[in-house]
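Comments concern the structure below.
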2 protein chains.
Amino acid sequence: MAAPPGRMPVMADVARAAGVSHQTVSRVLNGHPNVRAETQARVLAAIDDLGYRPNSSARALVTRRTGVIGVVAVDTAHYGPARTLTGIEHAARAAGYYLSVVTLTEASAGQVREAMDHLARQSVEGYVVIAPQRSVLEGMPEWAGGAPVVAVEGGEARELPVVCVDQEGGARMAVRHLLGLGHRTVGHIAGPRDWLEAEARVAGWRGALEEAGAPVGEPLFGDWRPRSGYELVRSLVERDALPTALFVANDQMAVGALRALAEAGVRVPDDVSVVGFDDVPEAAYYSPPLTTVAQDFTEVGRRGIGILLDLLDSGEPAAESAAREVVPARMVVRASCAAPAR
Amino acid sequence: MAAPPGRMPVMADVARAAGVSHQTVSRVLNGHPNVRAETQARVLAAIDDLGYRPNSSARALVTRRTGVIGVVAVDTAHYGPARTLTGIEHAARAAGYYLSVVTLTEASAGQVREAMDHLARQSVEGYVVIAPQRSVLEGMPEWAGGAPVVAVEGGEARELPVVCVDQEGGARMAVRHLLGLGHRTVGHIAGPRDWLEAEARVAGWRGALEEAGAPVGEPLFGDWRPRSGYELVRSLVERDALPTALFVANDQMAVGALRALAEAGVRVPDDVSVVGFDDVPEAAYYSPPLTTVAQDFTEVGRRGIGILLDLLDSGEPAAESAAREVVPARMVVRASCAAPAR
DNA sequence: GGTGACATTGTTAGCGCTAACATTCACGCC
DNA sequence: GGCGTGAATGTTAGCGCTAACAATGTCACC
């Protein structure tokens with residue numbers, strides 16, 4: 001690398017070094033045809049020699065394309081959203097885009113709006129919003145300055161392109177599995193009411209019970225965290241209202257549930273069967289190994305970017321093509337379920 | 001909002017609407033003094049009316065400041081790095097910066113270099129690299145185009161500002177706790193060799209044993225995942241080499257270990273005591289609730305950004321002020337440890 | 001040998017903004 | 001009343017790049 005004279009080299013420096021006009025340098029950089037091979041080589045050599053890097057701001061200014069996609073993510077302490085983010089990142093980078101990420105501490109409509117505003121200020125070309133909650137979905141402004149918006153994990157979104165896992169189908173599978181084992185009915189520890197995923201799982205649970213003609217009880221609502229699974233099951237034990245089978249809306253609460261059952265001297269799966277949701281890496285090592293429903297989060301992220309890129313390419317103003325892609329869930333059978341004791 | 005005539009309004013439109021020059025608009029936007037209050041109000045009204053948003057590329061072009069910080073993260077499926085990222089994001093946004101994130105699938109020096117190159121192309125002003133592995137640290141180019149670089153979770157980094165949790169101290173606490181309970185020695189299931197955190201925990205474990213004059217065995221190296229904890233403990237059981245106390249380098253492997261012990265009919269904590277590391281949210285609900293060492297990842301992220309901002313403000317070319325901040329670890333005692341059976 | 005077609009390169013004009021300098025105006029003071 | 005002073009505003013010149021057009025050269029073909 002030639003020592004730069006104090007400042008970073010610009011296109012004109014490269015042009016001078018290669019003995020061409022700056023426009024020719026630009027052409028080489030942008031892979032235009034009609035540049036003589038020999039000229040191109042000389043320019044490339046000069047670029048390498050000077051350690052030149054095109055200025056993205058200048059380019060963005062004239063092309064009106066920043067190459068940045070904005071991502072609004074909920075607090076990534078949850079397993080699912082974190083994985084989804086990874087999927088989004090890889091897909092975006094593979095397509096040559098940059099990712100600007102904002103994480104929300106709390107899923108209020110206000111925070112979503114503020115986050116998208118923050119991103120808009122950076123002139124992102126499009127948005128991917130990880131929107132597992134109703135309030136996030138509702139906080140999303142319809143018209144993001146003409147930039148397309150895709151919701152992932154968004155369940156039945158509004159007039160928005162959406163990618164999500166088939167939560168309801170997954171829940172159905174879980175409940176059918178339990179019913180198939182001979183359980184008369186299945187109790188449900190649900191996720192928070194505001195969460196679309198929680199809602200869909202409740203719907204799947206209810207649907208599967210109804211189609212089997214099984215009695216449908218009241219779901220108990222937790223907050224996804226282990227503690228709430230623990231406490232809800234404890235309350236069930238204390239009220240002596242424990243069903244023989246339990247469908248818990250995520251693996252974290254399922255751990256809490258398992259713990260509460262163990263403390264109460266209830267054996268799993270002998271006395272009570274438990275199914276979780278998510279298939280976190282630890283699920284296979286819980287006591288007992290947890291039967292659960294796996295979601296392919298990475299795929300969700302990938303497809304979200306896929307839709308966004310299509311929208312960007314086609315120049316559609318979002319909405320219109322309110323695509324809705326559903327990634328199937330997959331049942332993972334381990335040792336936490338058995339036929340009911342009679 | 002006034003209907004824009006097809007294109008987004010620019011500063012000149014605002015100027016026209018407010019009856020001032022574009023420069024005055026710029027002054028209002030940048031909070032310059034010497035603007036009459038009445039003029040400012042008129043400009044602000046026009047901005048609001050037209051729905052004007054400054055063009056960040058144009059501004060960046062002339063100020064040479066993009067307001068973007070690049071973050072290189074390892075695959076955020078791990079609990080720690082994911083939380084750290086959240087901490088970084090909030091701190092950066094609070095300071096008015098944007099975050100451009102790249103996640104690595106594999107922690108090779110090549111990928112790190114490529115990631116930083118990707119970010120450099122976007123003209124980031126500085127870098128935060130989540131570098132829990134030696135290979136990440138080594139892949140980091142020293143001179144990132146004059147932009148400062150801060151490593152977080154980086155252990156003893158090179159000539160780089162670093163923020164990390166006191167891994168060694170945390171490990172020492174864990175081992176001392178076990179020793180204090182009366183165990184003759186403590187076995188160690190370590191993390192992968194390439195990880196600085198794993199290495200530091202081994203060092204802490206060894207140090208605590210040595211200072212107590214306890215026999216030091218060979219640590220067993222896992223890969224952080226539950227499965228490896230499970231398999232390593234199984235091998236211990238099969239070789240009949242199970243110590244009475246086990247310090248496992250993270251909670252995920254600890255879950256695997258607990259499972260292996262349960263399957264072997266070994267009671268925890270009666271027969272064997274176990275301490276983990278991380279304090280994941282589930283840890284309190286394992287069977288038994290896991291004694292572990294908590295790390296404040298959010299704080300690590302926050303301090304990382306803090307250092308970077310200082311560097312950015314002072315205009316230092318990184319390196320020089322090779323700060324090194326250590327966040328203390330905290331022991332969380334639960335039910336997985338007891339005095340050894342005699 | 002002239003001519004059109006096409007490949008290759010250069011020249012010019014902005015993109016939307018801020019920095020630097022220029023201008024205007026109001027005011028206080030000798 | 002003239003004049004310095006400083007606040008408030010306007011004018012001009014780029015930042016580094018790409019798009020559009022202009023200019024040149026090259027070649028095939030009649």
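Numbered from 1 within each chain, the chains take letters A, B, ... in sequence-line order.
- A:Q122 and A:T66 share no side-chain donor-acceptor pair at under 3.5 Å.
- Map B:T39 and B:V62 each onto its nearest nucleotide of DNA chain D; the residue landing nearer the 5' end is B:T39.
- Residue A:R64 is in sugar-phosphate contact alone, with no base atom involved, counting any heavy-atom pair closer than 4.0 Å across all strands shown.
- Counting all heavy atoms, side chain and backbone alike, B:P132 lies closest to B:I130 at CD-O, 3.2 Å.
- B:N55 comes within 4.0 angstrom of the backbone, heavy atoms only, and of no base.
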Report task. Please lay out, stage by stage, how B:S56 and A:R121 fare under the test side chain to side chain contact (heavy atoms under 4.5 Å, CB included). Result -> CA-CA 7 Å; B:S56 54; A:R121 242 188 285 282; over 6 Å; no

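- A nucleotide of DNA chain C counts as in contact with chain B when one of its atoms lies under 4.0 Å from a heavy atom; the first and last such, 5' to 3', are C:dG16 to C:dA20.
- Look at A:R53 and B:D117 and you find a salt bridge, because one of the NZ, NE, NH1 or NH2 atoms lies within 4.0 Å of a carboxylate O, short of that distance.
- Counting any heavy atom pair closer than 4.0 Å across all strands shown, B:P33 reaches no nucleic acid atom.
- How far CZ of A:R65 is from CZ of A:R59: 10.5 Å, rounded to the nearest 0.5 Å.
- Nucleic acid contact for B:T24: sugar-phosphate only, since backbone atoms but no base atoms lie under 4.0 Å from a heavy atom of the residue.
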Requested in this report: List the steps and the verdict of side chain to side chain contact (heavy atoms under 4.5 Å, CB included) for A:S100 and B:S100.
Outcome: CA-CA 5 Å; A:S100 197; B:S100 196; 5.9 Å; no

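- Across the protein-nucleic acid pair, A:N34 atom CG and D:dA20 atom P stand 15 Å apart, rounded to whole Å.
- Rounding to the nearest 0.5 Å places CG of B:L44 at 8.5 Å from CG of B:L29.
- Of the residues near DNA chain D, B:Q23 and A:V25, the one whose nearest nucleotide (by heavy atom distance) lies more toward the 5' end is B:Q23.
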Report task. Go through the steps to decide whether B:R42 and B:D49 satisfy the test salt bridge (charged side-chain N to carboxylate O under 4.0 Å, His left out), and finish with yes or no. Result -> CA-CA 10 Å; B:R42 226 168 53 237; B:D49 192 41; over 6 Å; no

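- Comparing the end axes of the helix from C:dG1-D:dC30 to C:dC30-D:dG1, each fitted to five base pairs by superposing C1' atoms of four pairs onto the next four, gives an inter-axis angle of 60° (nearest 10 degrees).
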